[in-house]
Amino acid sequence: MAAGRAFLGAPCSSLATGARRLAFASLPPRALAPALRRRVPGRRVASVSSSPDAASAPEPYVLTTPLYYVNAPPHMGSAYTTIAADAIARFQRLLEKKVIFITGTDEHGEKIATSAEASGRNPKEHCDVISSSYKMLWADLDIEYDKFIRTTDHKHEGVVNEFYSRVLSSGDIYRADYEGLYCVNCEEYKDEKELAENNSCPVHLKPCVARKEDNYFFALSKYQHKLEELLARNPDFVRPSHRLNEVQGWIKSGLRDFSISRASVDWGIPVPNDTKQTIYVWFDALLGYISALLDDGEQASLQQAIDRGWPASLHLIGKDILRFHAVYWPAMLMSAGISVPDAVFGHGFLTKDGMKMGKSLGNTLEPKDLVERFGADAVRYFFLREVEFGNDGDYSEERFINIVNAHLANTIGILLKYICFCNMYILFMRAKTYYAFCLLSSHSVHFNYASFCVNNDIVLLI
RNA sequence: GGCGGCGUAGCUCAGCUGGUCAGAGCGGGGAUCUCAUAAGUCCCAGGUCGGAGGUUCGAGUCCUCCCGCCGCCA
């Protein structure tokens with residue numbers, strides 16, 4: 001029995017720290033696998049709906065994570081978003097909805113070219129390496145996505161070109177000179193008044209460079225009233241609600257047109273009819289949510305992609321990219337005559353032991369290491385359960401072990417063990433309790449997931 | 001500075017339109033079963049619900065002010 005004193009993939013030795021309780025559940029991860037793991041990670045079997053109205057082809061539930069920027073391998077923040085999205089996707093599948101869960105990588109831009117050069121590779125090779133590291137992590141975390149889009153995919157470029165043409169024909173793209181201080185890391189111009197000392201970017205704390213370019217601009221300002229109407233008509237468009245206030249504030253204070261091309265960046269999708277410029281990474285990447293809907297090898301048609309299930313039901317993102325998803329993106333879609341998504345949910349950031357994580361602080365939390373030590377179920381469970389969804393959340397190893405032991409090992413683990421071993425005596429003794437638990441939980445889970453309170457009742461979905 | 005939010009048990013948080021709302025999970029303490037994993041089961045938190053006024057028969061729950069913390073202001 002001693003050999004089995006580990007819960008869900010956590011080696012005993014890794015948990016044997018000091019006087020802390022050492023024993024996790026006796027079931028090794030693979031013993032539970034047949035009961036818990038229904039599919040090969042990342043390769044979901046197409047769901048077959050048995051609901052009565054399946055014949056009328058109900059709209060799919062299209063759910064997205066951001067397309068992660070491949071300047072660096074995945075970090076815990078990316079993993080958190082994807083874990084949460086996967087939990088929501090699983091819930092929707094339990095409701096027998098056809099779910100299209102989209103994730104992927106955003107691979108263009110100056111910063112990528114710079115990262116590639118630093119690692120001695122050409123941009124495409126660099127993207128291949130980093131993009132595959134995301135896929136590997138999602139497999140390790142049992143993420144069951146349906147579509148993985150890379151913005152360097154051929155089909156994506158076709159969709160971007162077509163979309164650009166639509167926006168152009170709406171009269172929302174114009175050419176203008178722009179001169180200002182540019183942050184290469186943000187890949188955007190900065191207002192002088194927002195800069196830190198020495199004209200440094202407030203986000204990256206690196207000096208911005210003076211740049212003058214002849215760029216193409218998107219007429220965002222034209223969409224101010226339409227965006228206001230959108231939020232007034234559908235306040236659930238931005239969640240949680242306190243972020244709606246922020247978005248409304250941004251719009252109310254006035255929207256400025258933004259540059260959607262770069263003359264100085266080679267690694268990107270060329271602007272149609274002007275190959276001297278490439279399309280701004282955000283204008284490019286956001287369209288990945290649509291191009292992802294196309295099957296591999298399918299003709300790169302914008303309309304065909306839309307017919308595959310657009311609009312998205314939910315964009316799940318971190319709060320740092322809310323502006324792009326809740327302001328720029330719907331305006332771009334309106335311009336192209338395409339439906340806007342149903343909702344954008346901006347979750348919070350993660351801290352470690354109460355501290356902001358960062359390479360410079362040397363306290364990053366590597367999702368890969370966490371999975372290797374504790375197993376995917378434990379990692380998924382902890383972040384879903386212990387982070388108030390929408391707010392910032394904290395990781396500490398002590399808390400992690402406490403929660404996993406108490407909830408997964410002591411409660412669920414033991415129950416599963418006795419189900420697996422058909423210990424009828426124990427099951428009989430506890431039958432009433434488990435029955436009541438299931439009854440209450442089914443109602444509760446439905447309510448909580450429908451309102452994106454994923455941290456409640458999460459145990460039933462892992 | 002402007003706008004918005006928050007401050008409820010050691011920790012993370014529930015408490016909708018004011019009247020069993022003083023709660024949950026984890027941690028901690030105690031008891032107990034022994035066909036369960038240092039498991040399970042049962043009991044225990046006397047927290048002035050940030051502070052002070054006010055409205056009300058009655059306020060974490062509404063109003064005002066103060067203190068502290070946080071977010072956004074591209």
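Sequence lines set the chain letters: A, B, ... in the order given, protein chains first and strands last, and positions in each chain run from 1. Values below: every heavy atom of this structure, side chains too, minus hydrogens, waters and symmetry copies.
B/rC65 and B/rG4 have their P atoms separated by 12 Å, with the value rounded to a whole Å. Nucleotides B/rC49 and B/rU41 place their C1' atoms 32 Å apart, quoted to the nearest Å.
For A/Tyr189, the ring pair (Phe, Tyr, Trp, His ring centres under 6.0 Å) partners two or more places apart in sequence, or in a different chain, are A/Tyr178, A/Tyr182. Applying the ring pair (Phe, Tyr, Trp, His ring centres under 6.0 Å) rule to A/Phe382 yields the partners A/Tyr395, A/Phe400; only residues at least two apart in sequence or on another chain are considered.
For A/Phe101 and A/Tyr61, the ring centers sit 6.0 Å or farther from each other.
Among residue pairs with one or both ends in residues 279-291 of chain A, those qualifying as side-chain hydrogen bond (donor to acceptor under 3.5 Å, both in side chains) are A/His108-A/Asp284, A/His156-A/Asp284, A/His156-A/Ser291, A/Glu188-A/Tyr280, A/Tyr289-A/His325; sequence neighbours excluded.
In RNA chain B, consecutive stretches of 3 or more Watson-Crick or G-U wobble pairs with both distances under 3.5 Å are given as paired ranges: B:1-7 with B:67-73, B:10-13 with B:23-26, B:28-32 with B:40-44, B:50-54 with B:62-66.
Annotation: side chain of A/Val159 is not in contact with side chain of A/Tyr164 (no heavy-atom distance under 4.5 Å).
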What protein N or O atoms touch nucleotides 3-6 of chain B N or O atoms at under 3.5 angstrom, if any, and at what distances?
unit_1, atom_1, unit_2, atom_2, d
B/rG4, O2', A/Asn245, ND2, 3.4

With 3.5 Å as the limit, what N/O pairs link the protein to nucleotides 23-25 of chain B?
unit_1, atom_1, unit_2, atom_2, d
B/rG25, O2', A/His407, NE2, 3.0
B/rG25, N2, A/Arg399, NH2, 3.0

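Straight-line distance from the CD atom of A/Glu398 to the P atom of B/rU12: 13 Å, rounded to whole Å.
Mapping A/Arg243 and A/Ser253 onto RNA chain B via the closest heavy atom, the residue that lands nearer the 5' end is A/Arg243.
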- Evaluate side chain to side chain contact (heavy atoms under 4.5 Å, CB included) for A/Lys319 paired with A/His347, printing each intermediate quantity in order. CA-CA 6 Å; A/Lys319 61 184 180 180; A/His347 68 68; over 6 Å; no
